[in-house]
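Note on naming: letters A, B, ... go to the chains in the order of the sequence lines (proteins, then strands), and numbering restarts at 1 for each one.
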Amino acid sequence: MYSNCGFPLDSRIVFDQSTVKDLCLWNAIVSAYVRNELWFDALLVFCELLIACECKPDNFTFPCVIKACGEIMDSGLLQSVHGLGLKMGLACDLFVCNALVSNYGKFGLVMDAARVFEHNANKNLVSWNSMISVFSKNGWYGSSLGLFGRMLNSQEGMVPDDATLVSVLPVCAAEGEIEMGRMIHCIAVKMKLSKEVKVSNALVDMYAKCGYVTEAQVVFDKNDSRNIVSWNSLIAAYSRDGDVCQTFNILQNMQVKSSLGANEVTILNLLPVCLQRSELLRVRILHAYSLRHGFQYNELVLNAFITAYAKCGSLRSARNVFNCIENRTVSSWNALLGGYAQNGDPSMALDIYLQMSSSNLDPDWFSISSLLLACTELRSLRHGKEVHGFHIKKGSVTDPYIFVSLISLYTRCGKLLCAKFLFEGMEDKSLVGWNAMISGYSQNGLPTEAINLFRKLVCEGIQPHEIVITSVLGACSQLSALRLGKETHCFALKAGLIDDLYVGCSIIDMYAHSGSIKQSQRVFEHLKKRDVAALTCLIAGYGIHGCGEEALYRFREMQMLGLKPDRFTYMGILMACDHMGLIEEGIKCLNEMQVMHGVEPELEHYACVIDMLGRAGRFDDAVELIEDMHVEPDAAIWNSLLSSCRLRGELDLGKQFAGKLLELEPNKADNYILLSNLFAGSGKWDDVRRVRLRMKELGLGKKDAGSSWIEVKGKTYNFVAGDKKFLESKEIQEIWSSLDVGINEIGYVPETVEVTTS
DNA sequence: ATAGGGTTAG
């Protein structure tokens with residue numbers, strides 16, 4: 001009697017006072033403890049029962065004990081109890097079997113659960129549901145759906161209930177099995193289960209995870225009984241879709257229409273959609289709300305805030321959240337580590353890793369993955385190799401993420417053979433893996449290899465996605481391979497990937513680099529959505545083609561449309577100005593980028609303007625600008641000034657610039673050649689000899705030979721200066737001679753004083 | 001029934 005009132009202590013007294021203890025009494029006390037979640041007490045009484053030997057536990061005792069084993073997370077004990085049950089001949093009992101199945105499942109012992117399930121001769125609905133759920137919760141998705149099918153076709157005529165549907169729907173969600181999901185939706189409607197809150201919520205979740213946000217919304221709208229889980233699922237749907245506005249609209253609706261407040265899960269669903277600087281305020285508001293509601297004790301919430309703050313550009317706030325965590329787990333460290341690695345402070349990421357190791361925590365695969373990203377960003381092969389070594393030492397689990405990160409690390413550090421070795425060793429090469437390798441080739445100036453690998457990918461019957469197309473277009477662009485580029489453009493059209501903004505940009509860029517700015521413009525005009533990046537590509541394209549005016553026009557148009565130019569846009573416009581010698585416009589752009597759009601000029605931006613000034617002979621202005629910069633000038637800047645001095649015969653200034661250049665790059669042959677050409681231009685032959693002697697002393701080889709190539713009927717021909725391979729062909733020689741004559745007639749006088757060593 | 005952190009691209 002007491003056992004039902006939540007006073008196990010009282011029932012214990014009654015129990016202890018009884019002189020004759022029958023099984024009924026034992027069972028009452030065991031189940032009282034279980035009901036009150038006093039698992040250890042339940043197990044102790046069970047032991048007492050066994051020791052007392054007065055009576056044998058039955059098919060009511062066992063399920064209680066099995067549940068207790070599951071709750072205290074002791075799989076060994078569970079197995080012992082199972083053995084005992086077998087000995088007592090209870091292993092075939094329906095209730096014992098069902099309890100065993102779900103508790104084996106809890107420990108991930110799926111095979112053991114399945115064995116018990118199959119062994120059970122009289123399965124009821126709970127048996128089927130339990131097994132389906134065990135498969136589903138342990139990631140055995142195929143088996144879960146398979147068993148669901150078996151259940152529908154079973155001879156016992158099993159009819160699924162809400163619990164069944166709620167177990168299989170997450171499987172469809174995880175596997176993106178929209179067809180199966182729809183079928184289950186039909187079953188739910190037919191059986192009048194679709195209005196059950198749990199079923200309806202699971203449906204919303206399933207549609208959302210399969211990418212059908214509208215359908216998720218429809219299911220949500222059709223059901224009037226909603227709880228916080230329903231709202232959370234819908235919020236998650238829009239958040240996953242990256243729709244910031246809708247995500248927060250739903251939140252507002254939830255608060256207004258149903259007067260429900262956000263809980264921890266709501267926050268966890270809201271935060272991932274905040275991944276831009278512009279969402280920082282939202283994160284701060286959510287943070288304040290969370291503090292007010294005591295969510296700061298939830299580890300998941302804190303980690304999510306660290307990530308969100310980092311993504312929104314406030315690494316300081318991310319750090320503050322982290323500092324407030326009392327019991328830091330590997331996950332908390334990982335959140336911070338990833339925050340620094342992904343958001344522009346890779347060296348801090350390495351620092352965090354050291355701190356993490358010294359606080360006795362063992363980095364896991366997530367940590368390694370972030371570390372590799374940091375090393376890649378830093379182009380630090382040394383650190384990268386260390387991390388790789390550490391990963392191998394840890395047992396080197398073949399995690400696809402790690403593989404891809406390693407490939408990316410090695411390609412970014414120019415070690416393509418290492419990358420290729422890893423790529424070929426990948427068991428199932430993911431699309432991302434293919435892309436890492438393809439873009440690796442492309443980034444290292446090996447566009448032909450990139451395209452060949454892409455062909456291989458298509459031949460293997462893999463369907464490429466937007467990102468791969470972007471990489472391939474980048475390779476085409478480098479080759480100026482118009483035909484190949486067009487082919488890729490068509491491929492993207494056919495594959496329906498053309499509406500992606502990145503793809504659009506790459507196509508514009510590819511046509512511009514392949515000599516067809518008209519095509520770039522046409523592609524741009526046909527874009528469904530024009531963003532900053534697309535306009536930037538077009539502006540840069542105009543720059544390449546010497547259309548400075550058009551570039552400036554588009555640049556103004558962009559601002560009128562209310563689009564904010566970014567650092568890439570400024571790079572494009574400055575290069576266009578540089579190309580056309582539009583110095584004043586260039587200087588104006590440089591001056592306004594910080595003031596008007598908050599884009600801080602980087603070295604490349606300065607380099608462009610300095611190059612312009614140098615070409616115009618305004619060396620004083622150039623030097624003044626260098627002194628004003630808040631960054632140290634790099635070799636490229638001195639190189640460009642030195643080149644300008646050579647063209648203008650500015651010997652003394654040139655020598656100064658050369659000094660700076662050689663300080664930074666003392667071992668590059670090209671720099672010495674440039675200096676020697678400066679001397680040659682002024683007839684200082686002694687100095688020329690001196691420079692060349694110095695080169696010999698330093699053991700510097702020849703300058704890289706300049707080369708050019710052209711695509712004719714799909715075949716690419718390479719030309720290197722001094723190459724006799726093609727010039728032997730009579731036709732080419734004849735054309736060349738006539739060009740030579742023509743160019744002289746217009747007044748071109750070739751410069752012959754330069755001395756090259758090639 | 002809803003719940004995190006990592007990989008590829010300009």
Of all residues at least two apart in sequence or in a different chain, which pass the side-chain hydrogen bond (donor to acceptor under 3.5 Å, both in side chains) check with [X]?
| X | value |
| --- | --- |
| A:T164 | A:N129, A:D161 |
| A:H293 | none |
| A:N223 | A:S200, A:S225 |

Have a look at [X] and say if it touches a base, only the backbone sugar-phosphate, or nothing, with a 4.0 Å heavy-atom cut-off.
| X | answer |
| --- | --- |
| A:L373 | sugar-phosphate |
| A:E196 | nothing |
| A:V166 | sugar-phosphate |
| A:A236 | nothing |
| A:N263 | nothing |
| A:K429 | nothing |
| A:D509 | nothing |
| A:R240 | nothing |

| message | Any side-chain to backbone donor/acceptor pair from A:S405 onto A:Y401? Under 3.5 Å, distance only. | response | yes
Between A:S230 and A:S233, is any side-chain donor less than 3.5 angstrom from a side-chain acceptor? no
With sequence neighbours left out, the residues meeting ring-ring contact (aromatic ring centres under 6.0 Å, His included) with A:Y141 are none
Sequence neighbours excluded, the answer for side-chain contact (heavy atoms from CB on, under 4.5 Å) partners of A:A304 is A:L268, A:L271
For A:T470, the side-chain contact (heavy atoms from CB on, under 4.5 Å) test, sequence neighbours excluded, returns A:Y502, A:V503, A:S506
At a 4.0 Å cut-off to heavy atoms of chain A, the contacted part of DNA chain B spans B:dA1 to B:dG10
Residues in residues 332-349 of chain A with a heavy atom under 4.0 Å of DNA chain B, by number, are A:N334, A:Q342
Sequence-distant partners of [X], salt bridge (charged side-chain N to carboxylate O under 4.0 Å, His left out), two or more places apart:
| X | result |
| --- | --- |
| A:R379 | none |
| A:E177 | none |
| A:D499 | A:K528 |

Its dot-bracket string being built from Watson-Crick and G-U pairs below 3.5 Å, with | for another strand and [ ] for crossing, DNA chain B has the pattern ..........
